[in-house]
Asker: 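Structure below; questions to follow.
What you see is a predicted model, and the numbers here were worked out from it, not measured in a lab. Every number for a ligand or one of its atoms is a count from 1 in the order of the listing.
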Amino acid sequence: MTAIVRETEGCGAEIANIAVPKATDAEINLIRDTVYNRGVAFLHDQHLTPEEQIAFAERIGPIVLNRYFPKTERYPQIAKVEKTEEQKTNIGGGWHTDHSYDQAPAMGSVLLAIETPPTGGDTQFANMYAAYEALSDGLKATLSGLKARHASEHIYGMEGVYGKTDQAHLAGHAENPWAVHPAVITHPGSGRKALYVNPAFTLGFEGWSREESAALLGYLYQHAIKPEFVHRFQWKPGSMAIWDNRATWHLAMNDYQGQRRLMHRITIAGGPLH
Ligand code: SIN
């Protein structure tokens, strides 16, 4: 079997004909290159055991633990992204880039669908290479000198937004890092420039007032989710997405009230961004 890579419109690529537990080194390199260049790789029919998911993630890169997400009972490397039949709020229901509040943000995640609702529960991914490339030369020049501040406290801290929801276990944390990163980064794997601000964790530009930052960020946020930069991925049990936080945003749709959705997420370490 030869692996087949088919680019999905807007963002990402589907990879077929790979059985992840038996992947060769060449296939792992193909997956990693696809993630670096298309922002996210989608695979189906990967009914992995926790050990197999951990072993696969370690071949993509070193695993790092998310501070806030609940862990699976036996495997601290695997976080549970869960919404039960009774809960109204889902996890990751707004556009975001994971871990941008860290000095060395995570490279990405390996998300495996364990239980999916009969309909709904898709995840949208937005392509930050394409969003950047479509900006005017004038705005690219302005952004090239800017750094933005990112933080987690307003989401996961003592007064964090999850605290007022039925996912309250995600808030109330005392450790709330913040970081400053360039507004446009050069992806360490592809060498391409990508927009690196996001609606969930970016507070504003260094040296700009809150109002000035809000005006430009507001423009960038509506620009970055134009349909031509976005792919909506439909999950089945055994579907897997491997995404790159340096090249994408994502948003988990919350359109399956009364149904259960359970995903197993492993986060891959990254590094400082330039
Ligand atoms: C996340 O933001 O990590 C969750 C994505 C999803 O559940 O689809």
Asker: Run the side-chain donor-acceptor check on residues 224-231: report pairs under 3.5 Å with partners two or more places apart or on a different chain.
Answerer:
| from | atom 1 | to | atom 2 | distance (Å) |
| --- | --- | --- | --- | --- |
| K226 | NZ | H223 | ND1 | 3.3 |

Asker: Can you classify the ring geometry of Y156 versus Y162 as parallel (below 30°), tilted (30 to 60°) or perpendicular (above 60°)?
Answerer: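 Judged by the thresholds at 30° and 60°, the geometry between Y156 and Y162 is parallel.
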Asker: Once the angle between the rings of F233 and F42 is folded into 0 to 90°, is it parallel (under 30°), tilted (30 to 60°) or perpendicular (over 60°)?
Answerer: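 Ring orientation of F233 relative to F42: parallel.
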Asker: For Y196 and H150, take the angle between the two ring planes, folded into 0 to 90°, and tell me which bin it lands in: parallel under 30, tilted 30 to 60, perpendicular over 60.
Answerer: tilted
Asker: Any side-chain to backbone donor/acceptor pair from H99 onto M107? Under 3.5 Å, distance only.
Answerer: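 Judged by distance alone, no pair lies under 3.5 Å.
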Asker: Which protein residues have a heavy atom closer than 4.0 Å to any atom of ligand 1, listed by chain and number?
Answerer: V81, G92, H96, L111, T123, W243, H250, A252, R261, R265
Asker: Check this for me: does any side-chain nitrogen of one of D166 and K88 sit under 4.0 Å from a carboxylate oxygen of the other?
Answerer: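 K88 and D166: not salt-bridged.
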